[in-house]
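In what follows, a structure is listed as structure tokens, so that the remarks can point back to it.
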Amino acid sequence: MLDKTYRPSEVEPKHYERWEQSGAFAAHTDSDKVPYTIMMPPPNVTGSLHMGHALTFTLQDVLIRYHRMIGRDALWQPGTDHAGIATQMVVERQLEAQKITRHDLGRDKFIERVWEWKAESGGTITRQLRRLGASPDWAKERFTMDEGLSAAVREVFVTLYKQGLLYRDKRLVNWDPKLHTAISDLEVEQREVKGHMWHFKYPVEGMADTFITVATTRPETMLGDSAVAVHPEDERYTHLVGKMVRLPIVGRLIPIVADEYSDPTKGTGAVKITPAHDFNDFEVGKRHNLPQINVLDRDAKITGDVPAEYLGLDRYEARKKIVAVIEELGLLDKIENHVHMVPYGDRSGVVIEPWLTDQWYVDAPTLAKPALEAVETGKTKFTPKHWENTYYEWMRNIQPWCVSRQIWWGHQVPAWYGPDGAVFVEKTEAEAAAAAAAHYGKTVELTRDTDVLDTWFSSALWPFSTLGWPEQTPELARYYTTDVLVTGFDIIFFWVARMMMMGIHFMGEVPFKDIYIHALVRDEKGQKMSKSKGNVIDPLVLMDKYGTDAVRFTLAALAAQGRDIKLAEGRVEGYRNFATKLWNAARFCQMNECAPVAGFDPKAVKETVNRWIVGKTAETADKVAAALDGYRFDAAAGATYQFVWGTFCDWYLEFAKPIFSGSDEAAKAETRATAAWVLDMILHVLHPFMPFITEELWAQMGGRSDQLMLRDWPKFDGLHDSTAEEEMDWVVRVISTVRGVRSEMNVPAGAQVDLLVSGLDGGRAGWAKTHADLIVRLARLAAFEPHAGADRVAQAFSHGAAQMVVDEATLVMPLAGVIDIDKERVRLEKEIARVENEIAKVDKKFANPDFVAKAAPEVVEENRERRAEWSAAKEKLQEALQRLSGA
RNA sequence: GGGCGAUUAGCUCAGCGGUAGAGCACACCCUUCACACGGGUGGGGUCGCAGGUUCAAUCCCUGCAUCGCCCA
């Protein structure tokens, strides 16, 4: 016998271990089934499970489990990425506690330490994924720093280089002065900051008392100014263009140039140009052949050809000093408060400096073209579709991708330099040496580039590198072009776009057919969850409290397309209740000996209730399947919830009760078998969402030893039975109507009353007879008389009775001593008014001649029927009202 | 400034060219032999505003307002 409530913590680990150990998660490369593949977006190896992970992995697991059940060879490829900067920071922080830096250790020893850290702590996220019930093929788990994936990285780097799609260049990068590395645009966060706009007067050379005033938010960069720009059509400055300015403090002569970058409406209309420290100025500098004067070092301290007293100053100290000196010189025009956007490193949290360095770049604009086309031509489809625009926008304006990073943890750039700086890009040192020997005509000493590659460089190869590429493995042949990528919109740029570029370039095919973009999980007020706001909901805590299945079901049920998820704990509680409801329904079945019957044929059931429920069951399975096929997780979850609770528990099991306690043994046996079968089907349909409770019930309900997760999805044709449905709908309507009136008339819930029916037509009279037991029980009746004679009704009326109209029939409920005649009259009048309102609505349509002429015939017919029904009901109600007055 | 999305019951959200729905919350009743993590019943909505298309608009189109996100 099942326990009274379901206890997730006792059940979950048991099933997970069994699934994993039995190989139930494994894909089968030699299978003759059609493959279905999802590449798991690799979480950071440093990561631990947050709500966003819980959502994305739940949805992926739902898809994988569903497709496994519908007969696909499902591969969910798991793994983690090495998270270059994040991981390096974690280990550096540990070293800091021991008061040493990575430089004390040296590169090789430091990397060894990182691997040790990974071995000890890197498994957190994958352990948590197991708790979530995720069913990837763990045996295939990969890590972006694996030998195989590293080989793929080298192969790609060298190939792109030799194809001219990857090159070394000196450009401005986003420099993180704390982490001492370049970071990509995407790792820069623009924050609105209250700062100042300083207006400096630069004296124009050779024109006494003539100044040109420039405005800046970063005064310290003036040390590197190489020009002042004004708009070519700005008449205020036309006479100054071509003149020179004597740069204060530095003393350098710099030109005044005309350039359209300068906006006459902003500030003074004149702008200082610092090509080495500003992205826009860099472009202006190139147009006018201006020198790029670097005045900052890797720590963003002042360096270079500047007055000695500034050397070594921090950028902000330098700023203060410069402003003070400019003021002393009488060149400070004014200081304004100014709100502007300042770039911050998303990892380090410090202000980023544009800095001139040598870096490796991927020619993203070239690679983007086919990636763009793949989406335009529908080879890859976004769901929801509108995310295409975001993708297009990014791809059409894509910049060269800076892939080198000045850190140690990552894939070291496979480039070697000869004594004269000539570069040799090869997969191995030996090949580089050979290339160098060929170049120089002798063996030379080579030094390897110390940079490593952006983590996203290796992640971009994930869809094929995990399958064995550059080796031509059977897995690669079978599973590449995966079926769907499931991810959040926040990494469309970071990851999706780059996988598309690399996948198409190296595999010749898109990496995925579908891209499903899901929402962000927010708190119940719609705020983004963040540690600083303190509104983070920990999925692990929720799983402890309500069970994993409840958390999974909640996330799936809330995953409506195109809308963020506002998660309130109450929702999880509600779906925990749903799990308990299912558990108790199973318990009820068990108590009533509803055991699965071998060879049970749902098509062969005879009882109306059973014909009805098997039809509804098949319909639900189809509905859920269709919803999942369209990535409508919310609709899929909703349909199962509605069926399990609203149909199976609320009605079918209630209908079964009188049968179980009745004397018709054949009906009893059939109903038991049917109930067991329906419950089994529910377990199947619910399994992708709630894998643990369903697996547990599967094992407990039939004493079966096979695993639910490997069984076939229910697929039945020809079970839908519209006559059974019509019949049971009528029964439901009768019971609901009686219950409604009982409640409204304040008939005590415990009191059993009679129900007399008059005017039933022949067919429904038969239904009434068939389901009399069931109506009696569910409407809590003492007696049910489907064919009450006129005198019987009249007699009932003499003592007071309530009346209801269900289709052509009038139901009379004698309520001697209980009935309040006035209240009943009001109730009937209200009913009549409601019906009249409906009739009026239909009449309004018919009053319009164009409706009959132009509307679809079936719509016209439907309205005609509806009017007839309402009209008949109105008549019946009016009769009832008259009877009441006559009583 | 550009783009995208949202606006439907108190809250969170489905929905859809032709009878407005769910869950939660709320009110009342119920320890009825699966379940109080439960059962039953009920109240509550000019579907953001203004135009347009249509026989018919909550739904399609245009504009506006408000909110949110992304990009500059």
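If you're wondering where the values come from, they're calculated on a predicted model, not measured in any experiment. Note on naming: letters A, B, ... go to the chains in the order of the sequence lines (proteins, then strands), and numbering restarts at 1 for each one.
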So that I can tick it off, tell me whether [Y] and [X] are bridged by a salt bridge, with the cut-off set at under 4.0 angstrom between side-chain N and carboxylate O.
X      : Y      : result
A:E824 : A:K830 : no
A:E573 : A:K545 : no
A:R866 : A:E862 : yes
A:E831 : A:K876 : no

Indicate, with a heavy-atom threshold strictly under 4.0 Å, whether [X] touches base, sugar-phosphate, or nothing.
X      : result
A:R632 : sugar-phosphate
A:E654 : base
A:D650 : sugar-phosphate
A:R742 : nothing
A:A853 : nothing
A:K841 : sugar-phosphate
A:R587 : sugar-phosphate
A:G570 : nothing

- prompt: Is there any side chain to side chain donor-acceptor pair (under 3.5 Å) pair reaching into residues 731-749 of chain A, and which pairs are they, with sequence neighbours excluded?
  reply: A:R733-A:D807
When you get a sec, tell me which of [options] is the closest nucleotide to the side chain of [X]?
X      : options             : value
A:K4   : B:C55, B:C35, B:G40 : B:C35
A:N577 : B:G18, B:C37, B:A34 : B:C37
A:S743 : B:G39, B:C37, B:G40 : B:G40
A:D850 : B:C69, B:G18, B:C55 : B:C55
A:R780 : B:A34, B:U32, B:G18 : B:U32
A:K566 : B:G38, B:G15, B:U12 : B:U12
A:R739 : B:G38, B:U41, B:A34 : B:U41
A:K845 : B:C55, B:C35, B:G18 : B:G18
A:A749 : B:G18, B:C29, B:G38 : B:C29

Rounded to whole angstroms, how far apart are [atom1] on [X] and [atom2] on [N]?
X      : N     : atom1 : atom2 : answer
A:Q642 : B:G21 : CD    : C1'   : 11 Å
A:L653 : B:U32 : CG    : P     : 18 Å
A:R777 : B:A34 : CZ    : P     : 8 Å
A:M745 : B:C28 : CE    : C1'   : 14 Å
A:E393 : B:C4  : CD    : P     : 10 Å
A:E569 : B:U12 : CD    : C1'   : 15 Å
A:I517 : B:C4  : CD1   : P     : 17 Å
A:K385 : B:G5  : NZ    : P     : 11 Å

Span that lies between the [atom1] atom of [M] and that of [N], in whole angstrom:
N     : M     : atom1 : result
B:C70 : B:G39 : C1'   : 48 Å
B:G17 : B:U66 : P     : 30 Å
B:C61 : B:U54 : C1'   : 12 Å
B:U46 : B:C11 : P     : 13 Å
B:C71 : B:U19 : P     : 43 Å
B:G15 : B:U8  : C1'   : 9 Å
B:G45 : B:C13 : C1'   : 14 Å
B:C59 : B:G18 : P     : 11 Å

- prompt: Is any N or O donor-acceptor pair between the side chain of A:K657 and the base of B:A34 shorter than 3.5 Å?
  reply: yes
query: Can you say whether the rings of A:W583 and A:Y6 are parallel (under 30°), tilted (30 to 60°) or perpendicular (over 60°)?
result: tilted
query: Once the angle between the rings of A:F648 and A:Y652 is folded into 0 to 90°, is it parallel (under 30°), tilted (30 to 60°) or perpendicular (over 60°)?
result: parallel
message: Using OP1 and OP2 only, check whether a side-chain N or O of A:W645 sits under 4.0 Å from B:A34.
response: no
Main-chain N/O of A:F851 paired to A:K845 side chain as donor or acceptor, under 3.5 Å: no
- prompt: Got a second to check how far A:M690's CE is from A:F578's CZ, nearest 0.5 Å?
  reply: 6.0 Å
query: When rounded to the nearest 0.5 angstrom, what is the spacing between CE in A:M804 and CG in A:L828?
result: 9.5 Å
statement: Note: for A:H386 and A:E838 on RNA chain B, the residue whose nearest nucleotide lies more 5' is A:H386
task: Tell me which of A:V747 and A:C649 sits closer to the 5' end of RNA chain B, going by the nucleotide each one is nearest to.
output: A:V747
message: Let me check I have this right: for RNA chain B, each base becomes ., (, ), [, ] or |, based on Watson-Crick or G-U pairs with both distances under 3.5 Å. What is the full string?
response: (((((((..((((....[..)))).(((((.......))))).....(((((..]....)))))))))))).
